[in-house]
Amino acid sequence: MSFPAACCNTPPVKANYASTGTKGKIGNLDCYFAGPSDSKRAIMINYDIFGYHANVLQLSDILGSLGYRVVLPDLLRGDPLEEADLGKPGVFAEFTKKRGSWESNKSEYTAIRDYLKSNGAESVGLIGFCWGGHIVVSALTELDGYAGGAIVHPALIADGDLNKVNAPLLALPSKDEPDFTQDFAGLEGKPFFDKCKMVRFDDMFHGFCGARGDWSNEVQAKRANDAIALIVNFMSSIM
C-alpha cells in the first residue's frame, strides 16, 4: 500500500477559478459548503494531498449546482503538503502514518455524517481523491450510514481493500494506479454490486481530476468532465 510515484514527485498545477460556495465550520473543523443547505442528498469530498485547490472547489460547486449539499472539510487543517515536500524522504510515510491515516480522520467522518443527517440529509455520498480514496474506502468498510462512495485516482489502496466495502463503489483509477480488476471483482457477491462500477483512465495521470489537473488543457478538461459525469451519474443512482 503506497502512493504512486507520480503522486510523490509531480507538483500541482495552478488554476484560475472563482469559487461560489461558502466557508463555515462543523464543530471545530473548517469546511467549504456548496449547494442548497436543505437538500436531502449530501456529498462529502475528501481532497488530495494539496488541500483546497481550485479544481476541488470547482467540483464542489458543480455538484452543488446540481442540488447536492456538498461539504468539503479541511481535514489537513490548513497545512496540506506543498511542492517543496515532493521527493523528500520520509514525508509521505509520515503523512500516511499520522494525519493522512484513517485513524486520524475517522472521528471527522463520523461527525460530518452525523451533522448532515441531523440537518435533514436523508442520504450521504462520499468522494475521495488520492489519499482520500483510501479514507473513503475505509469509511465504507468500517462505518454505516453512507449511500456509497467514488474514489478518483486513489492512493494507498492495498490488495483486498475494495472488496471489503459495504456500500456501492465507483472507482476511477488513472494509468498510474494498480490494476484493481481482481479486487473489484470481489464485490460481485454483494447485494449492491449492480450499482458498482470501475472505469480506468489509462490515458490520464494521477491527479488529473484533482490539484494536478490543468483544466485549461482541452484534453485534460475533457477527461475531467468525463470523470465528473461518471461521478454525477453514480451519485444519482445511489441517492
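In this chain, numbering begins with 1 at the start of the sequence shown.
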Please find the pair of heavy atoms, one from [X] and one from [Y], that lie closest to each other, and give the distance.
{"X": "Cys209", "Y": "Ile228", "value": "SG-CG1, 4.5 Å"}
{"X": "Gly133", "Y": "Pro154", "value": "CA-CB, 4.1 Å"}
{"X": "Ser60", "Y": "Val70", "value": "O-CG2, 3.7 Å"}
{"X": "Leu140", "Y": "Leu126", "value": "CD2-CD1, 4.0 Å"}
{"X": "Pro168", "Y": "Cys196", "value": "CA-SG, 3.8 Å"}
{"X": "Asp61", "Y": "Ala34", "value": "OD1-CB, 3.7 Å"}

Just verifying a value: how many Å separate [X] [atom1] and [Y] [atom2], rounded to the nearest 0.5 Å?
{"X": "Leu116", "Y": "Ile26", "atom1": "CG", "atom2": "CD1", "value": "5.5 Å"}
{"X": "Asn163", "Y": "Leu187", "atom1": "CG", "atom2": "CG", "value": "6.0 Å"}
{"X": "Leu172", "Y": "Ile151", "atom1": "CG", "atom2": "CD1", "value": "8.0 Å"}
{"X": "Asn105", "Y": "Ser138", "atom1": "CG", "atom2": "OG", "value": "9.5 Å"}
{"X": "Asn55", "Y": "Tyr17", "atom1": "CG", "atom2": "OH", "value": "10.5 Å"}
{"X": "Asp161", "Y": "Leu169", "atom1": "CG", "atom2": "CG", "value": "11.0 Å"}

Using the test salt bridge (Lys or Arg N to Asp or Glu O under 4.0 Å), find all partners of [X] that sit at least two apart in sequence or belong to another chain.
{"X": "Asp144", "value": "none"}
{"X": "Lys164", "value": "none"}
{"X": "Glu94", "value": "Lys98"}

Sidechain-backbone polar pair: [X] side chain, [Y] backbone, donor-acceptor under 3.5 Å:
{"X": "Gln220", "Y": "Gly213", "answer": "no"}
{"X": "Asp85", "Y": "Glu82", "answer": "yes"}
{"X": "Ser39", "Y": "Gly67", "answer": "yes"}

side-chain contact (heavy atoms from CB on, under 4.5 Å) evaluation trace for Tyr32 with Thr22: CA-CA 6 Å; Tyr32 180 85; Thr22 61; over 6 Å; no
Side-chain contact, heavy-atom cut-off 4.5 Å: [X] with [Y]?
{"X": "Gln58", "Y": "Ser19", "result": "no"}
{"X": "His153", "Y": "Asp176", "result": "no"}
{"X": "Asn28", "Y": "Arg77", "result": "yes"}
{"X": "Leu156", "Y": "Ile135", "result": "no"}
{"X": "Ile157", "Y": "Leu162", "result": "yes"}
{"X": "Cys31", "Y": "Lys23", "result": "no"}
{"X": "Val56", "Y": "Leu72", "result": "yes"}
{"X": "Ile112", "Y": "Pro73", "result": "yes"}

Pair Glu103-Lys97, salt bridge (Lys or Arg N to Asp or Glu O under 4.0 Å): steps then yes or no: CA-CA 9 Å; Glu103 291 73 19; Lys97 292 178 181 178; over 6 Å; no
Any residue meeting ring-ring contact (aromatic ring centres under 6.0 Å, His included) with Tyr68, in chain and number order, not counting sequence neighbours: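 By the ring-ring contact (aromatic ring centres under 6.0 Å, His included) rule, Tyr68 matches no residue at all.
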Let me have the donor-acceptor pairs involving side chains of residues 230-239, under 3.5 Å, with sequence neighbours excluded, atom names and distances please.
from: Asn233; atom 1: ND2; to: Ala229; atom 2: O; distance (Å): 3.3
from: Ser237; atom 1: OG; to: Phe234; atom 2: O; distance (Å): 2.7

Restricting to pairs with a member in [range], which pass salt bridge (Lys or Arg N to Asp or Glu O under 4.0 Å), not counting sequence neighbours?
{"range": "residues 217-235", "value": "Asp203-Arg223, Lys222-Asp226, Arg223-Asp226"}
{"range": "residues 133-143", "value": "Lys106-Glu142"}
{"range": "residues 26-52", "value": "Lys25-Asp30"}

Residues Ile45, Val71; criterion side-chain contact (heavy atoms from CB on, under 4.5 Å); working and verdict: CA-CA 6 Å; Ile45 299 177; Val71 177; over 6 Å; no
Pairwise side chain to side chain donor-acceptor pair (under 3.5 Å) hits with a residue in residues 187-197, at least two apart: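 Qualifying pairs, neighbours excluded: none.
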Pairs involving residues 114-123, ordered by first then second residue, that meet side chain to side chain donor-acceptor pair (under 3.5 Å) (sequence neighbours left out): none
Worked check of side-chain contact (heavy atoms from CB on, under 4.5 Å) between Thr20 and Leu57: CA-CA 9 Å; Thr20 59; Leu57 295 176; over 6 Å; no
Whether Tyr109 and Tyr146 hold their rings parallel, tilted or perpendicular, with breakpoints at 30° and 60°: perpendicular
Partner set under side-chain contact (heavy atoms from CB on, under 4.5 Å) for Arg99, not counting sequence neighbours: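 Scan of Arg99 (side-chain contact (heavy atoms from CB on, under 4.5 Å), adjacent residues dropped) gives Leu76, Asp79, Leu81, Phe95.
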From CA spacing to verdict: side-chain contact (heavy atoms from CB on, under 4.5 Å), Val136, Ile127: CA-CA 7 Å; Val136 165; Ile127 302 173; 6.0 Å; no
Residue pair Ser104 / Ser101, side-chain donor-acceptor N/O under 3.5 Å: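 Judged by distance alone, the side chains do pair up.
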Donor-acceptor pair between Glu177 and His206 side chains, under 3.5 angstrom: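 Looking only at side-chain atoms, His206 and Glu177 do form a donor-acceptor pair, the distance falling under 3.5 Å.
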Steps toward ring-ring contact (aromatic ring centres under 6.0 Å, His included) verdict (Tyr47, Phe129): CA-CA 5 Å; Tyr47 52 40; Phe129 298 84; 9.6 Å; no
Residue pairs involving residues 155-204 (criterion ring-ring contact (aromatic ring centres under 6.0 Å, His included); sequence neighbours excluded): Phe201-Phe208
